[in-house]
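Just so you know, these numbers come straight off a predicted model, no measurement behind them.
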Amino acid sequence: MTDIQIEGAGTMKAGKILCLLRSYKAHAEEMGNTPSKKPDFFIKPSTSIIFNDENIIIPSASKEVHHEVELAVLIGKRGKDIPASQAMQYVRGYGILIDVTARDIQSRAKKMGKPWAIAKGFDTFAPVSDFVLKERIEDPHDLEIWLRVNGEIRQRSNTSKLLFKIPEIIEFISSKMTLEPGDIIATGTPEGVSEILPGDVVEAWIDDIGMLRVGVE
Ligand code: MG
């Protein structure tokens, strides 16, 4: 069982992780992709989750593992077909998630039209921070988002550049599958993704939310 920590508000058992793709224009372009026109997503298993001060383990199956820093939305209430106008009632809080990706495995899967589950779903491939209650965040669509490796800034953007607002994302996902308490929506990464190697220290933070620091082995 994997318990998400919520500052000052206990814990929640983590559910499924729903990850958006191509939701920042500059990242879609750096990967040679067209930005999504609707909130496309895939699922990572909750067994990928690790926490502050733990290590991402590079699997022997991959020779190129990348970091992707993302704003994470924690769902607090079960819902299906949630209209955007009510979507924020289903949000419990916000955190930071690093969508760790075996880029070589993903590239092969893309070429062959195969799913991304393996490239995205290895154990340790979803480091998450402690979460803060949504009431603490005035505007989740205007937060600086950063990631550095060994002290060097690799990603820096702002959630204002997200192509989809959180209510729209929740409306879309919940039109396809039921959202449950403890589910996490990873809203996609801005540009600057790059390789991580054993021995690296990865630090990600989002202003007003907090910091996430993990090693690599
Ligand atoms: Mg991602």
Side-chain angles (χ1 to χ4, degrees), residues 4-5 7 17 19-33 35 42 44 48-73 94-108 110 116 118-132 137 139-163 184-217:
I4 301 297
Q5 305 289 323
E7 280 179 25
I17 308 171
C19 302
L20 269 74
L21 53 131
R22 302 172 193 172
S23 58
Y24 285 84
K25 184 168 177 281
H27 170 66
E29 288 173 355
E30 78 179 343
M31 302 303 295
N33 295 319
F42 59 90
K44 265 170 128 81
S48 298
I49 291 176
I50 59 170
F51 298 104
N52 260 306
D53 299 323
E54 296 189 317
N55 286 343
I56 297 165
I57 298 170
I58 307 283
S60 58
S62 175
K63 300 215 165 358
E64 189 187 9
V65 171
H66 281 190
H67 56 76
E68 298 186 355
V69 64
E70 310 196 1
L71 169 66
V73 179
Y94 302 104
I96 304 151
L97 183 146
I98 304 174
D99 174 18
V100 182
T101 303
R103 193 70 72 199
D104 50 352
I105 296 175
Q106 185 198 33
S107 299
R108 287 199 294 275
K110 273 188 194 173
W116 297 7
I118 297 172
K120 295 283 192 176
F122 286 102
D123 290 357
T124 76
F125 269 30
V128 296
S129 68
D130 289 355
F131 281 66
V132 298
I137 303 301
D139 182 3
H141 303 107
D142 185 20
L143 299 170
E144 289 286 309
I145 178 167
W146 311 69
L147 182 140
R148 67 185 176 206
V149 178
N150 304 328
E152 178 198 330
I153 304 278
R154 301 265 181 97
Q155 294 189 264
R156 180 185 178 184
S157 187
N158 190 290
T159 58
S160 61
K161 294 180 181 167
L162 266 172
L163 298 174
I184 296 168
I185 299 172
T187 53
T189 194
E191 70 276 21
V193 302
S194 67
E195 189 173 12
I196 48 174
L197 297 166
D200 284 348
V201 174
V202 182
E203 293 165 302
W205 67 104
I206 298 178
D207 290 0
D208 301 336
I209 293 180
M211 177 106 182
L212 170 63
R213 182 183 187 276
V214 290
V216 184
E217 68 178 68

Could you note down all residue pairs passing salt bridge (charged side-chain N to carboxylate O under 4.0 Å, His left out) where residues 140-150 supplies at least one of them, sequence neighbours left out?
Glu144-Arg156, Arg148-Glu203

Spell out, as yes or no, whether a donor-acceptor pair under 3.5 Å connects the side chain of Ser23 to the backbone of Leu163.
no

Got a sec, which residues hit side chain to side chain contact (heavy atoms under 4.5 Å, CB included) with Asp104, two or more places apart in sequence or on another chain?
Ser62, Lys63, Glu64, Ala102, Arg108

For Lys25, check salt bridge (charged side-chain N to carboxylate O under 4.0 Å, His left out) against everything at least two apart and list the hits.
Glu29

Exam field: side chain Thr124 to backbone Ile56, donor-acceptor pair closer than 3.5 Å:
no

List the residues meeting ring-ring contact (aromatic ring centres under 6.0 Å, His included) with Phe125, not counting sequence neighbours, and say none if there are none.
Phe122

Report the residues that fulfil side chain to side chain donor-acceptor pair (under 3.5 Å) with Gln5, sequence neighbours left out, ordered by chain and then residue number.
none

Smallest heavy-atom separation, Ala61 atom then Ile105 atom, equals O-CD1, 3.8 Å

Can you name the residues that form a side chain to side chain contact (heavy atoms under 4.5 Å, CB included) with Ser107, not counting sequence neighbours?
Arg103

Residue pair Thr159 / Tyr24, side-chain heavy-atom distance below 4.5 Å
yes

Of Lys120, Arg154, Arg22, the one forming a salt bridge (charged side-chain N to carboxylate O under 4.0 Å, His left out) with Glu68 is Lys120

Tell me, do Pro190 and Gln155 make a side-chain contact under 4.5 Å, heavy atoms counted?
yes

With sequence neighbours excluded, tell me which residues meet side chain to side chain donor-acceptor pair (under 3.5 Å) with Asn52.
none

Asn158 side-chain N/O to Ser160 backbone N/O, donor-acceptor pair under 3.5 Å
yes

Applying salt bridge (charged side-chain N to carboxylate O under 4.0 Å, His left out), name anything that partners Glu195, two or more places apart in sequence or on another chain.
none

Sorted by chain and number, sequence neighbours left out, side chain to side chain contact (heavy atoms under 4.5 Å, CB included) with Glu54 holds for Ile50, Phe51

Lys44: what forms a salt bridge (charged side-chain N to carboxylate O under 4.0 Å, His left out) with it, not counting sequence neighbours?
Asp99

Determine, step by step, whether Thr187 and His141 satisfy the side chain to side chain contact (heavy atoms under 4.5 Å, CB included) criterion, reporting the C-alpha distance in whole Å, the side-chain angles of both residues, the deciding distance to 0.1 Å, and the verdict.
CA-CA 11 Å; Thr187 53; His141 303 107; over 6 Å; no

Judged by atom type as modelled, is there a donor-acceptor pair below 3.5 Å linking the side chain of Ser157 to the main-chain atoms of Ile145?
no

Note, Ile4 side chain near Val128 side chain (heavy atom, < 4.5 Å)
yes

Side chains of Asn55 and Val214: does their closest heavy-atom pair fall under 4.5 Å?
no

After noting the C-alpha distance and the side-chain angles of His67 and Ser194, does the key distance pass the side-chain hydrogen bond (donor to acceptor under 3.5 Å, both in side chains) rule?
CA-CA 6 Å; His67 56 76; Ser194 67; 2.7 Å; yes

Is any side-chain heavy atom of Pro127 less than 4.5 Å from a side-chain heavy atom of Val100?
yes

Distance (rounded to the nearest 0.5 Å) between Cys19 SG and Leu97 CG
6.5 Å

Are Ile49 and Ile17 side-chain neighbours, meaning at least one heavy-atom pair lies under 4.5 Å?
yes

Donor-acceptor check, side chain of Thr189 to backbone of Val69, threshold 3.5 angstrom: yes or no?
yes

Do Glu191 side-chain atoms and His27 backbone N/O form a donor-acceptor pair below 3.5 Å?
no

Validation: residues 205-213 side-chain donor-acceptor distances under 3.5 Å, sequence neighbours left out:
{"from": "Asp207", "atom 1": "OD1", "to": "Trp146", "atom 2": "NE1", "distance (Å)": "3.4"}

What I'd like to find out is whether the side chain of Ile184 reaches to under 4.5 Å of the side chain of Val73, using heavy atoms alone.
no

Which residues pass the side chain to side chain contact (heavy atoms under 4.5 Å, CB included) test with Asp200, sequence neighbours left out?
Val149, Asn150, Ile196, Leu197, Val216

